[in-house]
Amino acid sequence: MKTGNVCFLLLMCVSLLLTGCGNSQSKKSEENKVGDDKDAHGCIASAGYTWSEVLKDCIRLWEKGVRVEDVADKDKAAYIVFSPDSLQVELFFSDDRPNEILDRRSLPVGGYAWNVEDDDTKNVRLENNKWTVSQRGNLIYQQVGEPQ
């Protein structure tokens, strides 16, 4: 066999070995795909989805919720998400606090508030065409900008 043929065969063998290594790498990257981070409800957090108990669905807060800002700290916010029948609201907080679900109650002066029958509960109300969240009579969150 000539030296040229031996070099050609050796080059082909090396090429096949390197191609095989490349395939194992692509299989590993397929296992760690972006968006492959589903929670217990099947919501993909890296795509911005979170589970809403009142909607029984994966939602993006900025699409389904009403954003309200903390009146004491503008870097904090909450989202108000209404159930389809508006009998409940779910509060989502920007910090690590758990969500709160509040029930709709009729007000003696007309209109509604969403809360739980407890002195320490939060109250969600529509005041002057803006959504507010108060606790113990103190305003803690307020909708900023145009109402939705």
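It should be emphasised that the depicted structure is a prediction, and the values quoted were computed from it without experimental measurement.
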Under-4.0 Å salt bridge between E69 and K76: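 The answer is no: the pair does not qualify as a salt bridge.
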Note: K56-E53 ion pair, threshold 4.0 Å (strictly below):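 Looking at K56 and E53, the cut-off is met.
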Minimal non-hydrogen separation, [X] against [Y], with atom names:
X	Y	value
L91	L102	CD1-CD1, 3.8 Å
K130	V144	NZ-C, 4.4 Å
C43	T50	SG-C, 3.8 Å

Is there side-chain contact between [X] and [Y], with at least one heavy-atom pair below 4.5 Å?
X	Y	answer
W114	F82	yes
I80	V68	yes
N115	R105	yes
D37	S46	yes
W131	Y141	no
K122	E100	yes
F92	V81	yes

Sequence neighbours excluded - side chain to side chain donor-acceptor pair (under 3.5 Å) pairs with any residue from residues 83-93: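 Every side chain to side chain donor-acceptor pair (under 3.5 Å) pair that includes a residue of residues 83-93, provided the two are not neighbours, is S52-E90, S83-D85, Q88-D103, E90-N99.
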Test log, rule side chain to side chain contact (heavy atoms under 4.5 Å, CB included), inputs Q143 and V66: CA-CA 8 Å; Q143 185 179 10; V66 176; 3.7 Å; yes
Residues that, via side-chain heavy atoms closer than 4.5 angstrom, fall in one hydrophobic cluster with L139: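 Members other than L139 - counting any ILVMFWY side chain reachable under 4.5 Å - are V71.
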From W51 atom CH2 to D57 atom CG, the distance as rounded to the nearest 0.5 Å: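 One finds 6.0 Å between CH2 of W51 and CG of D57.
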Residue list, side-chain hydrogen bond (donor to acceptor under 3.5 Å, both in side chains) with R104, at least two apart or on another chain: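 Listed in chain order: nothing, the list is empty.
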